[in-house]
Amino acid sequence: MKKNILLIGAMLAVLAASALASAEEGISDKLILIGQTVGLTGTVAGPVQEMNAGANAYFNLVNKKGGVFGRKIELLTMDDQFDPALAAANAENLIRKRHVFALFQGRGTPHTLAILPLLATYKVPLIAPSTGALALRQPVNHWVFHIRADYKDEVSKIIEQFTTIGIKAIGIVHVDDSFGQDGLAGFNQALALHKLTPAVVAQFSRAKPDYAAAVNTIMQANPQGLIIVSSSNQTIELIKALRAAGSRTQIMTLSNNSSESFIRDLGVASKGVIISQVMPSPNLVTTGLGDEFMKVAKASGTTVSYAAMEGYVNAKVLVEGLRRAGPNPTREGLVTALESIKHLDLGGIVITYDEKDHSANKFVELTIIGQGGRFIK
C-alpha cells in the first residue's frame, strides 16, 4: 500500500509538472501578466500618464469583480523614455525575463517598429500600440492589434476641414522619424485628392530639434493652415515659437497630442488649436461609453480626458479578447479571440477585426481648444 501511495504521489507530481510546463507564459491560476514599455518620462510623459490612468481604471474595475476567469490582470510597465532602442530592450526584458503573456499600449511609431521582430520571434501579441502609422498596418501583422484610427485618416479629416472653410494654402511641419514620414505621406495623398500642392513642408530633428529654423521656413511661406506632426512637448515648443514670431496661421495637430497636460503646458497659445480625436468625447454622458467612463473616472480619481478615454477603451478591448480566449488562454488563442470580434459596440465606438485586418475602426472627429482650455467639438 505504501508503494502504491508513493507511486500515486509520483504520478501526481509528473502531471503537475507537465501542466506547469504546458501553461502559457504570463498565466497562472490567479494572474494574467501583461507587459508595457512606454515613455513614462520624456517628451510624451503627460499623455502617457493619462492613458495609463484610464487603462488601469478599467483593469482595477475588472479585478474587483474577480478578474478574467478568476485571474486578476497585472500591468507591468517599464519606462523607455520615448527612446526606440530602449523600447526594444524593455520589450525583450518583459518577454524573456519577466515572461509576460502579451504586450499592451506602447507609444510611438519608431518604438513600435523596433519591437516587431521580437513579437514574431517569441510569438507575443501586442494590443493597442498608440500609433496610427500605416507601416504597422499594411500588410497586416499577425501579432499586432490596433484600436485607434490611422494617421492618414486623421490628416485626411484635417485637410477636408481646411478646404471646407476655404483654406487652400496648407503646410506641414513634421519630426524627422518614421512617425513624421507617415504623416507626410498622408498629407501628400490627401492634398492630391483635393488637387492642391503644399504651401510649405518643413521638418526638424527628433533628437535635437531646431525650432527656430522650422519657424523661419514656415514664416517665409506664410501658410493659411498648418499641420504639425510631432510628439507632445515638441509640438508645444513649436506652437509657442510660431506664436512668439507673430504667426497667426490656423494650426492643427494629431490625436497623439490630445491630453489635458498638452493644453496645460501650451498655456495661452493653446486657444484656437484644432486637434483630431480618435475617441468619442470622454465627458459626453449621452453615449453609453461616455457615461460609463465618467462614472469609473470619478470613482477612481482618473483625469477625464481624451487620452484617458483611449487607455480605457484599449483596456476594454484587451479584456474582451482575454474573455473570448477562454479559461485556458494561449497567445495564439488570444489572437484568434481578437479576430473573432465583429461589430463590438462599446457605446460610441465600434470594434471589428478579422484575420486580414487588425485595424479596429476609423473613428475620427475634430475638436478645437476654446476659452478656458477646453475641447469644443
Point-to-point distance, once rounded to the nearest 0.5 Å, from [atom1] of [X] to [atom2] of [Y]:
{"X": "Leu322", "Y": "Ile32", "atom1": "CG", "atom2": "CD1", "result": "4.5 Å"}
{"X": "Arg137", "Y": "Tyr151", "atom1": "CZ", "atom2": "OH", "result": "8.5 Å"}
{"X": "Glu260", "Y": "Tyr306", "atom1": "CD", "atom2": "OH", "result": "10.0 Å"}
{"X": "Thr330", "Y": "Leu334", "atom1": "OG1", "atom2": "CG", "result": "8.0 Å"}
{"X": "Leu184", "Y": "Phe179", "atom1": "CG", "atom2": "CZ", "result": "12.0 Å"}
{"X": "Glu24", "Y": "Phe101", "atom1": "CD", "atom2": "CZ", "result": "6.0 Å"}

Between [Y] and [X], is there a side-chain heavy-atom distance shorter than 4.5 Å?
{"X": "Phe162", "Y": "Met252", "value": "yes"}
{"X": "Phe262", "Y": "Pro47", "value": "no"}
{"X": "Val335", "Y": "Glu332", "value": "yes"}

What heavy-atom pair brings [X] and [Y] nearest, and what distance separates the two atoms?
{"X": "Ser231", "Y": "Asn257", "answer": "C-OD1, 3.3 Å"}
{"X": "Ala360", "Y": "Ile351", "answer": "CB-CG2, 3.7 Å"}
{"X": "Asp345", "Y": "Gly348", "answer": "OD1-N, 3.4 Å"}
{"X": "Leu196", "Y": "Lys168", "answer": "CD1-O, 4.0 Å"}
{"X": "Val201", "Y": "Phe187", "answer": "CG2-CE2, 4.5 Å"}
{"X": "Ala245", "Y": "Val215", "answer": "CB-CG1, 3.8 Å"}

N-O pairing of Asp291 and Lys295 below 4.0 Å =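 Looking at Asp291 and Lys295, the cut-off is met.
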
Any ion pair linking Lys316 and Glu320 (charged N to carboxylate O, less than 4.0 Å)?
->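 Looking at Lys316 together with Glu320, the answer is no, because their closest N to O distance does not fall below 4.0 Å.
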
Using the six-membered ring wherever Trp is involved, compare the ring planes of Phe82 and His111 and label them parallel, tilted or perpendicular (cut-offs 30° and 60°).
->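 The arrangement is parallel - the two ring planes meet at less than 30°.
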
Any donor-acceptor N/O pair, [X] side chain to [Y] backbone, under 3.5 Å:
{"X": "Thr112", "Y": "Gly108", "answer": "yes"}
{"X": "Asp182", "Y": "Leu134", "answer": "yes"}
{"X": "Asp176", "Y": "Gln203", "answer": "no"}
{"X": "Ser156", "Y": "Lys152", "answer": "no"}
{"X": "Asn141", "Y": "Leu136", "answer": "no"}
{"X": "Ser340", "Y": "Ala337", "answer": "yes"}
{"X": "Asp210", "Y": "Phe204", "answer": "no"}
{"X": "Ser130", "Y": "Gln105", "answer": "no"}
{"X": "Glu50", "Y": "Ser261", "answer": "yes"}
{"X": "Thr352", "Y": "His343", "answer": "yes"}

With hydrophobic residues grouped by side-chain heavy-atom distances under 4.5 Å, do [X] and [Y] end up in a single group?
{"X": "Val140", "Y": "Trp143", "answer": "no"}
{"X": "Met51", "Y": "Met279", "answer": "no"}
{"X": "Ile73", "Y": "Leu31", "answer": "no"}
{"X": "Tyr312", "Y": "Phe145", "answer": "yes"}
{"X": "Ile34", "Y": "Val38", "answer": "no"}

Would you indicate whether [X], at its atom [atom1], is surrounded by more than 12 heavy atoms from other residues, nucleotides or ligands within a distance under 6.0 Å?
{"X": "Arg323", "atom1": "CZ", "value": "yes"}
{"X": "Lys271", "atom1": "NZ", "value": "no"}
{"X": "Lys342", "atom1": "NZ", "value": "yes"}

Does the pair Ser258 and Gln277 meet the rule for a side-chain hydrogen bond (donor to acceptor under 3.5 Å, both in side chains), with working shown?
-> CA-CA 7 Å; Ser258 176; Gln277 306 290 356; 2.6 Å; yes

Working for salt bridge (Lys or Arg N to Asp or Glu O under 4.0 Å), residues Arg148 and Glu154 | CA-CA 10 Å; Arg148 58 173 23 243; Glu154 290 190 60; 3.5 Å; yes

His358 and Glu339 side chains, donor-acceptor separation under 3.5 Å |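 On atom types as modelled, these side chains qualify, holding a pair under 3.5 Å.
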
Strictly by modelled atom types, are Ser305 and Ser259 linked by a side-chain donor-acceptor pair under 3.5 Å?
->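 Distance-only check fails for Ser305 and Ser259.
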
